[in-house]
Amino acid sequence: MEMASSMLSRALLLSCSMICINIASVGALNLPSLHGARFVSPSTAAFAPTSTTSPPWRQTTGPISHCRRASCSRLFLDPYEEQYRKYWAVRAEEEIPQPSQQQQEQPQETDRVVSRPAMPGSTQQYLQHLSSLQMSCDVENVYSTLSAEKYDDVTNPNPYEYQSQQQQEQDRFSEQLSPYDLQYQQYVQGLRQQMMMTEESSSGSEERTMEVEMESFSEGNPLQFSSGYTDGVFESQQQPRETNSQQQSQDHEEQQQQQQQQQHIQDIEESFLRTLSNEVQYKKFLNQSPYSLTDIDLRVILQRLLDNIEDGQQKRNGKFKGTNKRLGKEQPREGRKTVVVLGTGWAAHAFIKLASTYDLRIVVVSPVNHFVFTPMLASAAVGTVEYRSMTEPIRVTNPYIDNFVEGRAIGVDVEAKKVAVQLSSFSTVTRAFKDVASSAPCRLEPEPVLTHIIYDDDDSTIKRDESMGVGTVIELTYDYLLCAVGTASRSSMVPGAKEHCFNLKTSQDSKRLRTAIGEALEFASRPDVQEFYYEDEDTQAQARAERQRRVRIAIVGGGPTGVELAGELMDFYSQVCGRADGAFQHLRDDVSVMLVHGGPELLPAMDVDLRERAMSALQAQGVELRLSTRLREVGRDYIAICEKGSDVEETIPVGITVWAAGNTPVPFVKDLLSQLPESAKGSAGRIKVDKWLRCPTRSKESFGSILVLGDVACFEAKSKYDTNPEPLPQTAQVAGQQGAFAARMLNRGYDMQQTPPKLPELSSSEAVSLLRMWLLARGLEEAPGFNFLSLGLLAYVGQEEALNQVMIGNVPVFNYSGKIAFLLWRSVYLAKQASSRNQALIAFDWARTQSFGRDITRL
């Protein structure tokens, strides 16, 4: 509202029709973008008050200039009201020709009124009238008219004597225009062109006169719209035409066409006005954030600061090591609750790092024994960094956890609080690569569980399928189950994608892709695709095309993963192929990267300027972008794509296809959802959780025993300006903050079955607990809900350029791109590594790559 008031106070001129809007309705709609808009139409008539004794200068007859000047003087220049009344009273009868008595007696053609359903809000009715009159927006003409009238008084009827003052005011007015003026001008001009095209398409129709008369906006409104203007001549100046049955039929058809046209325009206007219904929607229409620095939630930042102080104190007290220095205890306390953590991703890693092994018995279950810094998987895929430099073993993250079980959760009994785990087989974990096909199964995707595990008839008991002879299933009992299993690639949605696409979600995926890229370069260097081995030109062309296919990489998905991989690949190719001393310099003109994205822009989560920068940066490096394009099929050596809205399919030969598009829940999530009530089902197969990350259960006894974190959790958050809550994005920031939040709740000992969770009753041993006193001093006797604090988005686009969108919560601080943004990107990624060991290794890898290039050895 402050913005609306500021823009309203600075606006010097408004459109002739805009004053017709009720001030109360404008205040209710809160449309700051309408302030300062100016409208002039070559087809408008006078906007006359609905008074029985209208002065002659208010009548609709006469030249449009007089009507417009009279209406503008009456509506805009209130301080000059009295002198204009006197002045126009003298000049009106002299300059405005009145219809003769003969003309008044001539029968006029029946007015054709185009009726329109009433719309709520005077602003919408006003815009309807603008579109029906085919109005255009011309700010300078309105200003010229009004400023001429300002100096055109009785003593000096010549407005041009004050030309210098007029120019000064016009310059000052131009500086005060809001961005909405141009936006709405384009919108109205688009409506006008659409109406003109509709009129031109109706052949054989005679010259039409469109009159629109609208009722007053509300009861007692002194203003009324009326129009009677056709091709530069008012109907009062036209000769009446004879009316016959054929003309009436034609008029009826034209009226129906106009009504359909007006209804179509009305639908467009309703959608447009809903978009600009308030200040927030107006900013979103301009692709701007509705938030300002005053919207930063300082309370959340303060709570995070105090939480970090608490974590540091707990660590100094030795609780992360299973001891309590203050009480002099070297062993974990008795009666600890068991927490089974499923996964080793961002959420699980944050929980394990902060969980107190003195108060909790922690068992981690995961098919991989390490945490990986996923934002740098694209760098590891081309050798910029080594994949071991960005991983940390879970047993190193917290050596004091009770156990780590390398296996996969395949089932759960919610009421009995038991989880079934299929142990990993250590006999074979990888296979040999065959050409560039991704035939080796990822460790996160072993053979289907149904080949190893079967269920009893009641679908409750899990047992081993003896006929297969592989896999061992164990059961773990828990007090709290932390489901942080993450997601899998959703490549099965496209035929052939799961069999022929490489993924980029784990360190094993990165290693496999790096091996495949090296094999593709060697495959394209074989003699069978070299032109000089063949004599005829056709065979040479075929060899050249096959060589280019072998080193063409297609990336599916225009999000951060796909964009960063495209940038890293172009850096890799420029080093090993582009340089004169490159190892594969003979393939300089053959290597290529294609990025296929279903949306119209890359990086949809970032602001518009950063999206455009990402597109221009990749195109400058030679990346072929296919936007608004769907992937139809993936083959061993080709992909089939088509543009949205088209059925024309294009087949493109490729050597490697990388899937970076969508994710889907793992099978365990589906099994868990089958035992939860219907209210637990969230969007995209995720599990709904409350403010304390608890999923709903079917009984009170099991409620609060399952916490869902990370990508699989559907946590709906409602910000200050959003009307409906939306699920948090599936990002590392969200998962990491949720893991730390869950660790603090369990460390503090909240009773998770209560709503909200509360601290338990004091025991004799905890009467002087410093942690409890600290929580009571902070007012945290009841557990606070989870609040996500976004710190922004980062993306690398190649050639040592990056995109930075720095935020605090939902409030944008600044956007930056280029070399400086690249330094910030590296600084943040280095600081967010899991340990100081990883920071040293990553820094060394960057220095090595900068000095000696990327290693192309395949081991």
Counting N and O atoms only, with roles assigned by atom type, does the side chain of [X] sit under 3.5 Å from a partner on the main chain of [Y], one being a donor and the other an acceptor?
| X | Y | answer |
| --- | --- | --- |
| S510 | L377 | yes |
| Q737 | L789 | yes |
| R549 | V654 | yes |

[X] [atom1]: over 12 foreign heavy atoms closer than 6.0 Å:
| X | atom1 | answer |
| --- | --- | --- |
| L791 | CG | yes |
| E643 | CD | no |
| R388 | CZ | no |
| R588 | CZ | yes |
| Y816 | OH | no |

* Between R837, H349, H370, which is the residue that forms a side-chain hydrogen bond (donor to acceptor under 3.5 Å, both in side chains) with E392? -> H349
* Structure fact -> The single option from Q621, K819, R613 that satisfies side-chain hydrogen bond (donor to acceptor under 3.5 Å, both in side chains) with E801 is R613
* Taking the six-membered ring for Trp and the full ring for Phe, Tyr or His, determine whether the centres of W346 and F373 are under 6.0 Å apart. =>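 Between W346 and F373, the centre distance is under 6.0 Å.
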Between the side chains of [Y] and [X], is the shortest nitrogen-to-carboxylate-oxygen separation below 4.0 Å, so that they form an ion pair?
| X | Y | result |
| --- | --- | --- |
| D297 | R299 | yes |
| R552 | E624 | no |
| E800 | R826 | no |

Between the side chains of [X] and [Y], is a donor N or O closer than 3.5 angstrom to an acceptor N or O?
| X | Y | result |
| --- | --- | --- |
| Q730 | T487 | no |
| E633 | Y638 | yes |
| D571 | S574 | no |
| H500 | T657 | no |

* Asked: In chain order, what residues pass the salt bridge (Lys or Arg N to Asp or Glu O under 4.0 Å) check against R304, with sequence neighbours excluded?
  -> none
* How close do A717 and L728 get, heavy atom to heavy atom, and via which atoms? ->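 Shortest heavy-atom contact: CB-CD2, 3.8 Å.
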